[in-house]
Asks: 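What follows is a single structure, and I will ask about it in a moment.
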Amino acid sequence: MQAPVVPKPRLEFLSSKPPPNYVAGLGRGATGFTTRSDIGPARTAPDLPGSSTGGAIGAPPQGGGVGRGRGKGGAEDDGGGAEDDEAEEKGYDENQTFDEFEGNDVGLFASAEYDEDDKEADAVWEAIDERMDSRRKDRREARLKEEIEKYRASNPKITEQFADLKRKLHTVTAQEWDNIPEIGDYTNRNKKKRFESFIPVPDTLLEKARQEQQNVTALDPKSRAAGGTETPWAQTPVTDLTAVGEGRGTVLSLKLDRLSDSVSGLTVVDPKGYLTDLKSMKITSDAEISDIKKARLLLKSVIQTNPKHPPGWIAAARLEEVAGKIQAARQLIQKGCEECPKSEDVWLEACRLSSPDEAKGVIARGVKTIPNSVKLWMLASKLEQDVGNKCRVLRKALEYIPDSVRLWKAVVELSNEEDARLYLQRAVECCPLHIELWLALARLETYDNAKKVLNKAREKLTKEPAIWITAAKLEEANGNTGMVGKIIERGIRSLQNEGLDIDREVWMKEAEAAERAGSVLTCQAIIQNTIGVGVEEEDRKRTWVADAEECKKRGSIETARAIYAHALTVFLIKKSIWLKAAQLEKSHGTRESLDSLLRKAVTYRPQAEVLWLMGAKEKWLAGDVPAARAILQEAYAAIPNSEEIWLAAFKLEFENHEPERARMLLAKARERGGTERVWMKSAIVERELGNASEERKLLEEGLKLFPSFFKLWLMLGQLDDRLGRLEQAKEAYESGIKHCPSCIPLWLSLASLEEKMNGLSKARAVLTMGRKKNPKNPELWVAAVKAESRNGNKKESEILIAKALQECPASGILWATSIEMVPRPQRKTKSADALKRCNNDPHVIAVVAKMFWHDRKVDKARNWLNRAVTLAPDFGDFWAMYYKFELQHGTEETQRDVMKRCVAAEPKHGEKWQAISKAVENSHLPVEAILKKAVVVLGKDENAAESGKN
């Protein structure tokens with residue numbers, strides 16, 4: 001038999017030491033490399049206990065000086081070795097740590113000391129860095145914010161992309177929401193039908209249910225064994241429903257008794273809704289009952305230890321009232337009245353807790369005990385039902401307390417006029433220092449007696465201004481107007497002599513009160529004598545104008561008029577004050593008062609053109625054309641070289657169908673070297689008369705003198721366009737653009753003419769050139785968009801409006817055009833975006849109002865249209881839209897109101913409005929007629945737009 005072979009021992013390559021110069025994989029061509037883990041750490045390890053150096057724990061390393069690691073040199077340079085010598089030769093250490101801020105230069109100054117100079121230098125450089133950083137901080141932050149907005153606009157979030165869809169969710173009804181199918185689990189794994197098992201109900205359960213429903217009329221054996229007096233442990237006790245019902249009835253009766261036993265003794269139970277009241281009653285918990293008991297014990301201790309303390313008795317009675325024991329509360333407060341008979345608070349509480357029948361007796365005992373208590377007498381009067389009994393009680397009270405103003409006022413209020421006068425005569429004797437009683441007596445007396453009363457009051461109350469004001473009102477009411485100013489002046493002087501400071505704010509309020517009372521002269525006298533008190537001389541004009549404006553806002557027109565009248569006596573030649581006063585008279589005065597004021601104004605300021613023009617216009621509006629002519633003649637005599645006067649005279653003659661007079665006036669104005677406006681008005685007159693050749697001549701002469709006045713170029717082009725000379729009109733517009741490249745109406749007129757002559761492509765080129773010459777101009781973008789839409793290029797118009805909104809993101813007219821272009825379901829979203837960009841732009845607001853109008857939201861549409869015409873009263877298209885809306889949904893009153901407001905605003909601008917008002921046939925039409933024509937044009941445009949969509 002062969003012996004088994006002994007296995008060779010396995011060599012442990014991983015734990016054995018490799019041969020010298022061994023490189024793994026060298027035989028198959030691999031190249032060895034060395035890592036930091038092979039050569040160990042770059043720095044020398046610290047001396048550890050038990051090492052060859054034999055250093056003790058905590059001892060410093062050999063050769064290392066204190067602070068050497070912070071750059072401080074040691075006292076001795078013994079240690080170093082060959083490595084230190086090599087580092088010194090190279091100038092740096094290869095094994096030093098790389099610093100991110102200083103780079104490889106970190107060790108250059110490692111040996112230097114960090115002293116106070118270094119610290120100060122670092123602080124200075126840090127301050128410089130902060131200063132340099134803050135210099136352009138705002139600009140940098142604005143640029144960063146703009147970049148972020150651009151990035152967000154070009155890379156919107158998912159939530160922003162679906163924002164319009166989210167907004168539409170509010171239109172989904174509850175029924176539609178419920179009809180949305182639930183997303184279930186439709187995988188094949190869950191489609192397998194599972195086996196359903198049913199277990200029959202056991203007989204024991206059915207038997208138990210039967211036993212619970214049956215009625216038992218005899219005791220079971222276990223109960224008989226216990227004598228029928230005990231409940232066996234295994235048997236559930238039977239609930240006595242009869243007893244429960246009786247208990248509920250008892251609780252209900254207690255609650256009803258508590259409700260009926262109120263303080264007044266009358267029932268407060270609502271016969272129909274008492275069950276609802278019972279449900280709303282607070283059920284007292286065990287904790288609250290415990291708190292009431294504790295409070296009762298505490299208050300009992302208070303009233304026993306100090307029975308003469310009234311608040312203790314009141315608190316104890318109110319505690320019982322809160323607990324629902326009204327009888328106990330009455331008993332406690334009765335004892336309190338016995339213990340504290342001189343406390344009126346206790347008697348008042350006792351009267352409050354008593355029933356109405358007992359309250360009179362309680363208050364009678366109270367006033368006997370404390371006859372000088374005004375509160376008790378007032379309560380006693382209040383408890384009486386008859387007016388005579390009330391007066392009797394108050395008269396009795398005045399016997400004990402004759403100096404009580406409250407009692408005198410109460411008895412006067414209850415008495416008739418004759419008795420009140422007698423009471424007040426006695427009252428001012430008993431209470432001579434109360435101004436209310438004196439003034440009330442003066443109002444009830446005759447004129448002569450009232451003067452005597454006020455004189456007596458002035459003797460008693462020397463520092464009371466109300467007496468002087470009442471005296472002035474008395475004189476004004478009796479027709480002695482000359483005495484009003486004297487009385488106020490004398491009163492102010494007397495009050496100043498008494499040492500009373502005159503507060504102009506207080507006196508102005510008194511003036512407004514006098515105005516509301518109808519005493520206008522008293523108001524004017526107060527303003528005249530007090531408006532300048534305490535105002536510096538250089539601040540008078542600004543302060544007085546501000547006071548008058550505030551009074552006008554509060555509706556105190558006479559006070560404001562008096563302030564302006566006084567200011568004009570001081571500042572006779574201030575045009576601004578005359579204009580403010582004239583505006584006040586125009587808004588709240590009569591034509592006569594305004595004419596009188598303007599006559600006075602031009603007397604002191606004959607060089608003020610606006611005052612002459614306002615006077616002439618008011619005469620013209622009143623229908624007095626000869627008087628308006630006379631005023632303008634006087635104005636021309638006062639200001640002979642005023643172009644405004646010439647043009648006003650021309651307008652007066654032109655509007656009153658006197659073209660020959662208008663032509664003569666303009667000819668004289670041209671001879672005197674009139675400006676470009678004179679030449680324009682001259683051409684308008686010739687256009688009105690139909691003299692095309694004369695009109696062309698005037699326009700050409702005017703353009704030679706004023707080539708940069710764009711309106712003359714426009715009128716020349718429009719003249720050729722009317723005559724059918726389209727090429728000449730094009731030349732006129734092009735010449736005008738050369739002289740006025742920034743004039744937008746010229747670009748728009750040329751584009752419209754090109755579209756009419758050569759089609760859309762030429763018009764597109766003109767508008768593109770106009771946008772290059774005038775970047776960021778919304779009107780040119782709108783014209784381009786509308787031109788594309790008119791020619792059916794919907795896609796191109798959408799691209800243009802998108803570019804326009806990128807160039808002019810805050811333009812309201814562009815947003816309004818964009819809203820009208822999108823389909824109707826998307827307009828709400830577009831409107832919300834537009835309002836975020838330009839909230840108060842009238843174009844956006846008008847489009848939103850139009851959207852509400854189409855949705856039949858009448859009130860919202862009216863509010864938004866009113867907001868639009870308020871923001872832009874000079875834009876006639878908004879007034880036309882507003883008036884059309886009122887014609888459809890408003891009343892005659894609202895229609896008249898819109899018409900009146902439009903006439904007062906006198907709008908001049910608007911695409912439809914200007915096309916109608918500038919037409920030759922409509923040159924003399926009033927605002928009302930132009931408004932009605934604009935409404936017709938709006939209707940035609942809307943019908944055309946609807947038919948185009950269909």
Asks: Are R392 and E384 close enough for a salt bridge, meaning some N to O gap below 4.0 Å?
Replies: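 Between E384 and R392 there is no salt bridge, as every charged N stays at least 4.0 Å from the carboxylate O atoms.
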
Asks: Quick check: are there more than 12 heavy atoms from other residues, nucleotides or ligands sitting under 6.0 Å from CZ of F571?
Replies: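 Yes, CZ of F571 has more than 12 neighbouring heavy atoms, counting only those of other groups under 6.0 Å.
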
Asks: Regarding N497 and S494, do their side chains bring together a donor and an acceptor under 3.5 Å, going by distance alone?
Replies: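 Looking only at side-chain atoms, S494 and N497 do not form any donor-acceptor pair under 3.5 Å.
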
Asks: Ignoring hydrogens and angles, state whether a donor on the side chain of N480 or Y447 is under 3.5 Å from an acceptor on the partner side chain.
Replies: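 On atom types as modelled, these side chains qualify, holding a pair under 3.5 Å.
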
Asks: With the threshold set at 4.0 Å, does a side-chain nitrogen-carboxylate oxygen contact exist between R493 and E489?
Replies: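 Salt bridge flag = yes for E489 with R493.
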
Asks: Other residues, nucleotides and ligands only: do more than 12 of their heavy atoms fall within 6.0 Å of CD1 on I502?
Replies: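 Above 12, so yes.
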
Asks: Please enumerate all residues that pass side-chain contact (heavy atoms from CB on, under 4.5 Å) together with E928, with sequence neighbours excluded.
Replies: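 Listed in chain order: M899, V903, P926.
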
Asks: So which atom in G532 and which in W544 form the shortest heavy-atom distance, rounded to 0.1 Å?
Replies: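 For G532 versus W544, the nearest heavy atoms are CA-CZ2, 3.9 Å.
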
Asks: Do you see a donor-acceptor pair shorter than 3.5 Å between the side chains of T559 and E512?
Replies: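 Per modelled atom types, T559 and E512 side chains form no pair under 3.5 Å.
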
Asks: Any salt bridge between E906 and K617, counting N to O under 4.0 Å?
Replies: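 So E906 pairs with K617 through a salt bridge.
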
Asks: Is there a donor-acceptor contact under 3.5 Å from the side chain of T870 to the main chain of N866?
Replies: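 Looks like yes, one N/O pair under 3.5 Å.
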
Asks: Counting C-beta onward and ignoring hydrogens, is there a side-chain heavy-atom pair between L353 and E349 closer than 4.5 Å?
Replies: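 Yes, their side chains come closer than 4.5 Å.
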
Asks: Under a 3.5 Å cutoff, is there a donor and acceptor pairing between the side chains of S593 and S596?
Replies: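 No, no side-chain donor-acceptor contact under 3.5 Å.
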
Asks: I'd like to know if the side chain of W879 reaches the main chain of P873, judged simply by a donor and an acceptor atom lying under 3.5 Å from each other, with no hydrogens or angles considered.
Replies: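 Yes; judged by distance alone, with no hydrogens or angles, the pair exists.
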
Asks: Listed by chain and number, what are the ring-ring contact (aromatic ring centres under 6.0 Å, His included) partners of W377, not counting sequence neighbours?
Replies: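 Partners of W377 under the ring-ring contact (aromatic ring centres under 6.0 Å, His included) test: Y400.
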
Asks: Would you check if the side chain of T543 reaches a backbone N or O of R540 as a donor-acceptor pair within less than 3.5 Å?
Replies: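 Here the side-chain-to-backbone pair does not exist.
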
Asks: Let me check something: any side-chain donor-acceptor pairs from residues 521-529 under 3.5 Å, sequence neighbours excluded? List them with distances.
Replies:
| unit_1 | atom_1 | unit_2 | atom_2 | d |
| --- | --- | --- | --- | --- |
| T522 | OG1 | E476 | OE1 | 2.7 |
| N529 | ND2 | A525 | O | 2.7 |

Asks: Under a 4.0 Å threshold between the charged nitrogen and the carboxylate oxygen, would E644 count as salt-bridged to R677?
Replies: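 Answer for the salt bridge query: yes.
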
Asks: Go through the steps to decide whether R599 and E634 satisfy the test salt bridge (Lys or Arg N to Asp or Glu O under 4.0 Å), and finish with yes or no.
Replies: CA-CA 11 Å; R599 283 288 181 185; E634 293 178 19; 3.1 Å; yes

Asks: Is it true that R421 and E418 make a salt bridge, defined as a side-chain N closer than 4.0 Å to a carboxylate O?
Replies: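 The answer is yes: the pair qualifies as a salt bridge.
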
Asks: Is it true that R896 and E893 make a salt bridge, defined as a side-chain N closer than 4.0 Å to a carboxylate O?
Replies: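 No.
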
Asks: Please assess R862 against E886 for the test side chain to side chain contact (heavy atoms under 4.5 Å, CB included), listing each intermediate value before the final yes or no.
Replies: CA-CA 8 Å; R862 180 177 286 113; E886 293 296 347; 2.9 Å; yes

Asks: Give the minimum heavy-atom separation between T530 and R504, together with the two atoms involved.
Replies: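 Scanning both residues, the minimum pair turns out to be O-CB, 3.6 Å.
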
Asks: Are there more than 12 heavy atoms of other residues, nucleotides or ligands under 6.0 Å from atom CD of Q385?
Replies: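 Not more than 12 within 6.0 Å, no.
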
Asks: Would you give the length of the straight line joining atom SG of C351 to atom CD of E344, rounded to the nearest 0.5 angstrom?
Replies: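 It is 12.5 Å, given to the nearest 0.5 Å.
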
Asks: Is the CD atom of E429 crowded by more than 12 outside heavy atoms at less than 6.0 Å?
Replies: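 More than 12 within 6.0 Å, yes.
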
Asks: Are R867 and W864 in a cation-pi contact, defined as NZ or CZ under 6.0 Å from the six-membered ring centre and within 45° of the axis?
Replies: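 Yes, R867 lies over the aromatic ring of W864.
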
Asks: Taking atom NZ of K473 as the centre, report whether more than 12 heavy atoms of other residues, nucleotides or ligands fall under 6.0 Å from it.
Replies: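 More than 12 heavy atoms, drawn from other residues, nucleotides or ligands, come within 6.0 Å of this atom.
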
Asks: Please determine whether the number of non-hydrogen atoms from other residues, nucleotides or ligands lying under 6.0 Å from atom CD of E892 exceeds 12.
Replies: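 Atom CD in E892 is not packed in, count stays at 12 or less.
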
Asks: Are there over 12 heavy-atom neighbours, none belonging to K390, within less than 6.0 Å of that residue's NZ?
Replies: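 Atom NZ in K390 is packed in, count exceeds 12.
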
Asks: Using modelled atom types and a 3.5 Å cut-off, is there a donor and acceptor pairing between side-chain atoms of S556 and backbone atoms of K552?
Replies: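 Answer holds: no.
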
Asks: With distance as the sole test, does W347 use its side chain to make a donor-acceptor pair with the main-chain N or O of I370 at under 3.5 Å?
Replies: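 No, the answer is negative, given that no donor and acceptor are paired below the 3.5 Å cut-off.
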
Asks: In terms of side-chain heavy atoms, does S343 have a donor or acceptor partner in K308 at a distance below 3.5 Å?
Replies: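 Looking only at side-chain atoms, K308 and S343 do not form any donor-acceptor pair under 3.5 Å.
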
Asks: Salt bridge check: are K451 and E445 linked by an N-O gap of less than 4.0 Å?
Replies: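 Looking at K451 and E445, the cut-off is not met.
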
Asks: Would the distance check show the side chain of D539 and the main-chain N or O of V535 forming a donor-acceptor pair, the cut-off being under 3.5 Å?
Replies: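 No, because the side chain of D539 does not come within donor-acceptor range (under 3.5 Å) of the backbone of V535.
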
Asks: Does N839, at its CG atom, have more than 12 non-hydrogen atoms belonging to other residues, nucleotides or ligands within less than 6.0 Å?
Replies: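 Yes, the 6.0 Å shell around CG holds more than 12 heavy atoms from other groups.
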
Asks: Give a yes or no on whether a salt bridge exists between K586 and E618, defined as a side-chain N under 4.0 angstrom from a carboxylate O.
Replies: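 Yes, K586 and E618 are salt-bridged.
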
Asks: Kindly indicate whether a cation-pi arrangement holds for R458 with W468, taking the cut-offs as under 6.0 Å to the six-membered ring centre and within 45° of the axis.
Replies: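 R458 over W468 ring: yes.
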
